[in-house]
2 protein chains.
Amino acid sequence: MAGTPTIAAVARHAGVSVATASRALHGQGASPATADRVRLVAQELGYRPNAVARALQSGRTGQIAMIVPDAANPVYARMTSAVQHELAADDRQLLVAQAQEASAVAAAIQRFGPQLIDGLIVVPLRPGPQVLDALDRASVPTVVIGSLPESARQGVVRADSRAGVRLAIDHLLERGAHRIGFVNGPVDTTPGRLRLEGYREAIAGAGLEHDPSLEVAADDFTYAAAMPAVRALLDRAGATAIDAIVAANDLIAVAALRALADRGIDVPGDCLVVGMDDTELAQIAIPSLTSVDLGAAARGTLAAAQLLAVLRGDAEATEHTTVEPALVVRESTTRRERR
Amino acid sequence: MAGTPTIAAVARHAGVSVATASRALHGQGASPATADRVRLVAQELGYRPNAVARALQSGRTGQIAMIVPDAANPVYARMTSAVQHELAADDRQLLVAQAQEASAVAAAIQRFGPQLIDGLIVVPLRPGPQVLDALDRASVPTVVIGSLPESARQGVVRADSRAGVRLAIDHLLERGAHRIGFVNGPVDTTPGRLRLEGYREAIAGAGLEHDPSLEVAADDFTYAAAMPAVRALLDRAGATAIDAIVAANDLIAVAALRALADRGIDVPGDCLVVGMDDTELAQIAIPSLTSVDLGAAARGTLAAAQLLAVLRGDAEATEHTTVEPALVVRESTTRRERR
DNA sequence: TTGAAAGCGCTAACAA
DNA sequence: TTGTTAGCGCTTTCAA
């Protein structure tokens, strides 16, 4: 752009060398008088330092990229927002990309090579060989939100999905549920696998027998994908036979609410429902949704903080952290009293 | 990073000059044999071009920034997603920032100076003098999604809020509503102002008298902010006196559904409800929500396309486009037949 | 305290 | 077809 004044222009107008102008603007090693004059000129000219030139010189851009599976899922909106907030405190920008399939995630990671970013936060649903390989090749410090092998060189912040599901099921048992259905997301994803394990452990731990007909998996962690899965569960199990449903996330839980309502099954009167992630959706739903907070915001904050620490050289790049879940009880598991 | 090979390393290993290496990799003006050899060496070394250096040289980074008021509102998730999709086709990255207050928006615009971006898409809720000024100072081509004065130098893509509200109200009148309440967002925002105008026009156009007690405004376009506003409306107007509610967006509409349910008022039996934006929330809600599609995705796509055209030099920077609204009818305004 | 000069990694004139 | 050279805007040695 011809219109954008460079530091050379500022220096010329101020009658100093480029180096002096740089020092004056940077704040170090120029006489107060010179510094003031240069700053004034810069102001008048509307000088703004060119971030690209500075980045080339310094090797850092101040930008962090984040790859999430589904930007439309409120849980990632929450996570992203937490990351952005944490980064803003360090005056860094967040760049969000969306990729779900292993190949797309790998491609996205590769694309952020020695690029315009200083660090990377990846939320992989399916951390298979392809993704792990791409992560190992990433040329900037990387923190993963999700599960990775212990040996992984990347920093990891994870939820405790299994404990979360157990929390949900213990709660349902307490409220008198006996036949608890489970609507999962895809089992080939990390959360899908862990949540199924958590479900089976909790059922077994309660002394209930394992009934495969109570388990069903949606093709995706979305409302649309969950609907047929929920319907299949209700058809198969016989609607009255189920007295509670645990959903692998809030979108799936809301689909369950809808499917139950369509069949005239009252929640929580005839069937209890628990979601996971504790997104805004849980408050909004009618009835409002009991949900397991898997610490989305906390994970985002921790991941961002860890990445910043690594970039500052303050921390090991490979630290693994786990965030504890918490149950938030709402109407979908509470017998009605008022109104 | 010491580990990242530069083009100089590739050139050395291939026994050619840096310029030849660049040409070989770029695909122009090198002999096939040389090109193959250089590409092979680059492959072996794991060479990845440094985007920052390229950007400094070419003056473009391939990055577009977008500033939205509220990343958690599904309508912006939708818009952002559409933009990202459009940009990806041109191999560009999207950088999303969140800012709502005029000062924050202005600051965000300023921060993206001769920075790491080639273009900017801004979605301002309150395009006051401060924001307009910042927009005029933006050092990259900018497209605004929202309303701006005709004289604005920026490209503009806008929804037709007024027509949208009219669509909603005509629909409600058709379904027999007589006393239609309106739950707006903040009136000092562009959508708030236009939607209120649309409401009044439509009411007047139908020959109904203007009743200020039917109008209420939330402090923000969110579920939480809408709740007290909806309650105030119901309290004030007398719950039975209202037979339909138009909400300024889906989040507010869902709050209305909740407040009505809390009072035992059946939707759509006793009161019809229409939302705006036609987000995923409208499908998810129970009852599902009739909503006016203001073309969020279309606006995103158009804004991105226009920005790309400007960057290519194919288009005027100041084009103004309006997207037509469409009504999507669902349960919240449909008397029940099945189930 | 200041200036001259080198260089970050790359592309593109200009010569050869 | 290839190499040499300059330069994008900035920071930072090294001298003065």
Side-chain angles (χ1 to χ4, degrees), chain A residues 1-39 41-42 45-63 91 112-118 139-140, chain B residues 1-39 41-42 45-63 91 112-118 139-140:
Chain A
M1 294 282 158
T4 315
T6 69
I7 199 171
V10 175
R12 192 159 6 94
H13 283 255
V16 296
S17 73
V18 176
T20 301
S22 173
R23 282 188 283 253
L25 295 169
H26 215 68
Q28 296 281 347
S31 75
T34 315
D36 281 351
R37 186 156 40 92
V38 172
R39 271 195 284 267
V41 171
L45 259 47
Y47 168 75
R48 312 276 312 278
N50 182 317
V52 175
R54 179 179 287 173
L56 179 60
Q57 210 304 127
S58 66
R60 58 183 293 280
T61 62
Q63 293 192 142
D91 209 38
F112 297 121
Q115 294 281 40
L116 299 144
I117 59 164
D118 297 337
S139 47
V140 293
Chain B
M1 295 280 158
T4 315
T6 69
I7 198 171
V10 174
R12 191 159 7 95
H13 282 255
V16 297
S17 73
V18 176
T20 301
S22 173
R23 281 188 285 252
L25 295 169
H26 214 68
Q28 296 281 347
S31 76
T34 314
D36 281 351
R37 186 156 39 91
V38 172
R39 271 196 285 266
V41 171
L45 261 47
Y47 167 76
R48 314 274 314 277
N50 182 316
V52 176
R54 179 179 286 173
L56 179 61
Q57 182 345 101
S58 65
R60 57 184 293 280
T61 61
Q63 292 192 141
D91 209 36
F112 297 121
Q115 293 283 39
L116 299 144
I117 58 165
D118 297 338
S139 47
V140 293

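Just so you know, these numbers use all the heavy atoms, side chains as well, and skip hydrogens, waters and symmetry mates. Below, read A as the first sequence line, B as the second, and so on, with proteins coming before strands; counting in each chain starts at 1.
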Exercise. Taking five pairs at each end of the helix from C/dT1-D/dA16 to C/dA16-D/dT1, what angle separates the two helix axes (nearest 10°)?
Worked result: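 The end axes of the helix from C/dT1-D/dA16 to C/dA16-D/dT1 are about 50° apart, to the nearest 10°.
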Interatomic distance where [atom1] belongs to [X] and [atom2] belongs to [N] [whole Å]:
{"X": "B/R37", "N": "D/dT1", "atom1": "CZ", "atom2": "P", "answer": "14 Å"}
{"X": "B/Q57", "N": "D/dC10", "atom1": "CD", "atom2": "P", "answer": "16 Å"}
{"X": "B/L56", "N": "C/dC8", "atom1": "CG", "atom2": "C1'", "answer": "9 Å"}
{"X": "A/L25", "N": "D/dC10", "atom1": "CG", "atom2": "P", "answer": "9 Å"}
{"X": "A/H26", "N": "C/dT2", "atom1": "NE2", "atom2": "P", "answer": "17 Å"}
{"X": "A/R60", "N": "D/dT11", "atom1": "CZ", "atom2": "P", "answer": "12 Å"}
{"X": "A/R54", "N": "D/dC8", "atom1": "CZ", "atom2": "P", "answer": "18 Å"}
{"X": "A/N50", "N": "D/dG7", "atom1": "CG", "atom2": "P", "answer": "18 Å"}

For this session: Report the distance from atom CZ of A/R39 to atom OG1 of A/T34, rounding to the nearest 0.5 Å.
Result: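 So the CZ of A/R39 and the OG1 of A/T34 are separated by 10.5 Å.
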Problem set entry | Euclidean distance, A/T4 OG1 relative to A/L45 CG, rounded to 0.5 Å |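 Going from the CG atom of A/L45 to the OG1 atom of A/T4 covers 11.5 Å.
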Which pair of non-hydrogen atoms, one from [X] and one from [Y], has the smallest distance, and what is that distance?
{"X": "A/L116", "Y": "B/A51", "value": "CG-CB, 4.0 Å"}
{"X": "A/I7", "Y": "A/Y47", "value": "N-CE1, 3.4 Å"}
{"X": "A/A35", "Y": "A/A24", "value": "CA-CB, 3.7 Å"}
{"X": "A/A53", "Y": "A/N50", "value": "N-OD1, 3.0 Å"}
{"X": "A/R54", "Y": "A/P49", "value": "NH2-CB, 3.5 Å"}
{"X": "B/A21", "Y": "B/A11", "value": "CB-CB, 3.9 Å"}

Exercise. Distance check: side-chain N/O of B/T34 vs OP1/OP2 of D/dT1, anything under 4.0 Å?
Worked result: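 False: B/T34 side-chain N/O out of range (4.0 Å or more) of D/dT1 OP1/OP2.
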Exercise. Is any side-chain N or O of A/S58 closer than 4.0 Å to OP1 or OP2 of D/dC10?
Worked result: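 So the side-chain polar atoms of A/S58 never come under 4.0 Å of the phosphate oxygens OP1 or OP2 of D/dC10.
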Exercise. Which of these, A/D118, A/L56, A/V52, sits in a side chain to side chain contact (heavy atoms under 4.5 Å, CB included) with A/T61?
Worked result: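 The option that passes is A/D118.
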Exercise. Of all the choices, D/dG9, C/dT2, C/dC10, which nucleotide is nearest to the side chain of A/A30 once you look at every atom?
Worked result: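 For A/A30, the side-chain atoms sit closest to C/dT2.
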Problem set entry | Given C/dT1, C/dC10, D/dC10, the nucleotide with the shortest approach to the side chain of B/P49 |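 The listed nucleotide nearest to B/P49's side chain is C/dC10.
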Problem set entry | Interface with DNA chain C, restricted to residues 14-23 of chain B and to heavy atoms under 4.0 Å |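 Here the set is B/V18, B/A19, B/S22, B/R23.
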Exercise. What nucleic acid atoms does A/G59 come within less than 4.0 Å of, heavy atoms only: base, sugar-phosphate, or nothing?
Worked result: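 Counting heavy atoms under 4.0 Å across all strands, no contact is made by A/G59.
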